[in-house]
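First up is the structure itself, then whatever we jot down about it.
In what follows, chains are A, B, ... by sequence order, proteins preceding strands, each numbered from 1. Just so you know, these numbers use all the heavy atoms, side chains as well, and skip hydrogens, waters and symmetry mates.
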2 protein chains.
Amino acid sequence: MNKKLNEQSLPEILTNPKKERSSHDVAIYNQIFDAILSQRLLPGTKLTEEELAQIFKVSRTIVRRALLRLSQDCIVDIKPNRGASVACPTVKQAKEIIQARRIIEAEIIREVVKVIDQEQIDALRKLVGKEKINVEHHIRSSGIRLSGDFHLELAKVSKNTTLTKFIRELIPQTSLVIARYEKPGYANCSHSEHYELIEIIARGDAHSAVLLMDKHLLHIEDKLDLSEYNQLVDLKTLFSAVG
Amino acid sequence: MNKKLNEQSLPEILTNPKKERSSHDVAIYNQIFDAILSQRLLPGTKLTEEELAQIFKVSRTIVRRALLRLSQDCIVDIKPNRGASVACPTVKQAKEIIQARRIIEAEIIREVVKVIDQEQIDALRKLVGKEKINVEHHIRSSGIRLSGDFHLELAKVSKNTTLTKFIRELIPQTSLVIARYEKPGYANCSHSEHYELIEIIARGDAHSAVLLMDKHLLHIEDKLDLSEYNQLVDLKTLFSAVG
DNA sequence: AATAAAATAATTGTATACAATAATAAATAC
DNA sequence: GTATTTATTATTGTATACAATTATTTTATT
């Protein structure tokens with residue numbers, strides 16, 4: 001496993017500004033979360049408790065807590081007595097995740113257009129600027145993460161913490177879906193659509209914004225090969241059909 | 001605390017039919033989940049680890065795992081070094097929860113109308129029948145739970161596990177909202193709206209079904225007193241405004 | 001040599017001991 | 001008698017020991 005998991009998307013200190021020192025497992029959770037989000041940890045990777053405990057220099061107690069959190073987010077899969085591994089979404093789940101995002105982010109956009117102010121627009125532009133630079137410099141991990149951050153920031157602007165929580169879960173799940181099902185040879189150019197989206201939001205055109213967001217999310221699905229034969233099947237099922 | 005937490009909404013054995021014996025904390029999680037869902041555990045109730053450990057005859061390790069799960073569902077609130085208590089949603093959260101349900105359940109209904117079969121329609125009718133009997137016999141807890149089960153079963157019919165997971169979280173949150181903010185003197189008669197909904201779904205009228213579901217959820221909000229002065233405020237803030 | 005059985009090793013699951021922190025009660029000062 | 005400090009108790013946080021389970025290797029059998 002990559003031991004350099006030190007880039008973080010949302011430093012815990014920012015998410016929880018009121019200096020309520022939260023427990024150590026949150027830091028580990030954040031690092032693994034971010035590694036999955038930025039595709040440094042790929043679907044299926046085994047996550048051994050003892051190994052993680054040594055890397056982060058804590059006891060298994062803490063690691064188990066972090067893994068349980070991640071499994072509740074559906075980005076880590078825990079099988080009883082058989083341990084944890086990075087989740088490997090099925091074709092069906094992949095479609096569901098995109099569909100869920102479409103309806104939730106449509107609502108978020110409607111809310112965002114209503115409440116966004118100039119400062120927030122500038123912040124979003126800055127974020128997409130960063131995203132563009134990273135993608136152009138082929139800093140793949142950071143580019144992917146910043147793309148996710150854009151959607152998360154939009155959700156936060158909407159001020160609906162419940163929907164934001166759902167989107168916060170769906171973003172790393174989308175990362176796993178892309179890692180697993182992306183058609184080869186596609187360049188990531190989501191930042192251009194992000195730019196467009198900001199301009200439409202800034203104009204206050206709710207209807208167009210919703211449509212563009214939906215198009216943007218469908219565009220993600222277009223880049224995937226979600227055909228049945230691409231589905232991972234367990235070997236028994238596979239060879240039972242041999243003629 | 002009520003020690004008779006033995007009625008269960010969704011026995012773990014049914015949720016996880018493939019006899020993968022899951023760990024003991026899931027059973028405790030389910031019991032507390034159900035106690036919150038059916039309003040036997042009310043917002044703000046302290047959940048002491050040692051106390052729960054004795055009730056369920058397990059170590060604190062297991063209790064802590066169950067509590068962490070519940071806190072990720074936003075129905076238990078864990079404060080560092082200060083323990084867990086049943087969550088107490090704010091007015092803002094209450095509104096968000098209903099709003100989230102409106103958009104997600106609208107989508108679920110659209111899907112349900114497309115895919116539902118006669119067997120599933122009968123099962124839903126049976127469920128609402130039970131709900132009616134329990135409400136009429138003033139078996140409050142069971143009535144509330146069965147009402148939640150109706151929405152959960154609808155979500156399952158839609159076959160979208162991602163949206164179902166979200167609804168599964170929003171249902172007990174709604175229970176907490178109702179427990180906290182319900183206007184006095186309202187009879188629970190959601191089962192009649194549930195009956196209506198089934199008939200419209202059975203007719204295959206997607207548009208009307210979506211409208212009725214939305215009306216039904218708004219009806220829940222109507223029964224609440226979500227005015228600002230009803231908001232729980234900490235004492236310091238309260239008395240700092242005294243003239 | 002291929003298969004099955006047994007032994008060993010690795011990994012996860014749970015309880016418990018102890019440390020750290022917070023809440024409460026008692027003691028002291030004014 | 002009230003306020004502040006100190007001591008005590010209760011509760012949560014973490015590491016670790018050991019049990020239970022699964023994975024791997026070794027040995028035995030054909």
* Out of A/V63, A/I62, A/T61, which one pairs with A/D25 under the side chain to side chain contact (heavy atoms under 4.5 Å, CB included) rule? -> A/I62
* Closer to the 5' end of DNA chain C via nearest nucleotide, is it A/G83 or B/T61? -> A/G83
* **Rounded interatomic separation in angstrom, taking NE2 from B/H24 and P from D/dT21** => 14 Å
* Asked: Over how many whole Å does the gap from A/K79 atom NZ to D/dT21 atom P extend?
  -> 19 Å
* Hey, which of these two, A/K57 or A/R82, hits DNA chain D nearer its 5' end, going by closest nucleotide? -> A/K57
* **Atom pair CG (A/L124) and CD (A/E131), whose distance is rounded to the nearest 0.5 Å** => 11.0 Å
* **Nucleotide of D/dG13, D/dT11, C/dA15 approaching B/T48 most closely (side-chain heavy atoms)** => D/dT11
* To do: Test salt bridge (charged side-chain N to carboxylate O under 4.0 Å, His left out) on B/K183 and B/D222 and set out the steps.
  => CA-CA 9 Å; B/K183 288 178 193 161; B/D222 286 342; over 6 Å; no
* Asked: For the pair made of CG in A/L67 and P in C/dT11, what is the distance, rounded to whole Å?
  -> 14 Å
* **Nearest to side-chain heavy atoms of B/R64, which nucleotide of D/dA17, D/dT14, D/dT11** => D/dT14
* **Residue mapping more 5' on DNA chain C - nearest nucleotide basis, B/R65 or B/R60** => B/R65
* Asked: Among D/dA15, C/dA15, C/dT21, which is the nearest nucleotide to the side chain of B/S59?
  -> C/dA15
* Asked: Of the candidate nucleotides C/dT14, D/dA15, D/dT22, which contains the atom at the shortest distance from the side chain of B/I62?
  -> C/dT14
* Can you tell me how far the CD1 atom of B/I75 sits from the CD1 atom of B/I171, to the nearest 0.5 Å? -> 11.5 Å
* Start with the C-alpha gap between A/D34 and A/R40, add the side-chain angles, then the distance that decides, and say whether salt bridge (charged side-chain N to carboxylate O under 4.0 Å, His left out) holds. => CA-CA 8 Å; A/D34 185 61; A/R40 286 171 290 142; 2.8 Å; yes
* To do: Give the rounded distance in Å between these two atoms: CD of A/E49 and P of D/dT22.
  => 15 Å
* Structure fact -> From CG of B/N81 across to C1' of D/dT12 the rounded distance in Å is 6 Å
* To do: Taking only heavy atoms on the protein side, list every residue of residues 68-78 of chain B lying under 4.0 Å from any atom of DNA chain D, sorted numerically.
  => none
* Rounded interatomic separation in angstrom, taking CD from B/E50 and P from D/dT9 -> 17 Å
* Asked: About how many Å separate CG of A/D149 and NE2 of A/H151, when rounded to the nearest 0.5 Å?
  -> 10.5 Å
* Spacing of B/D25 atom CG relative to C/dT14 atom P, expressed in whole Å -> 7 Å
* Asked: If only side-chain N and O atoms of A/K46 are considered, is one of them under 4.0 Å from the OP1 or OP2 phosphate oxygen of C/dT12?
  -> yes
* Are side-chain N/O atoms of B/E111 and B/N160 paired as donor and acceptor at under 3.5 Å? -> no
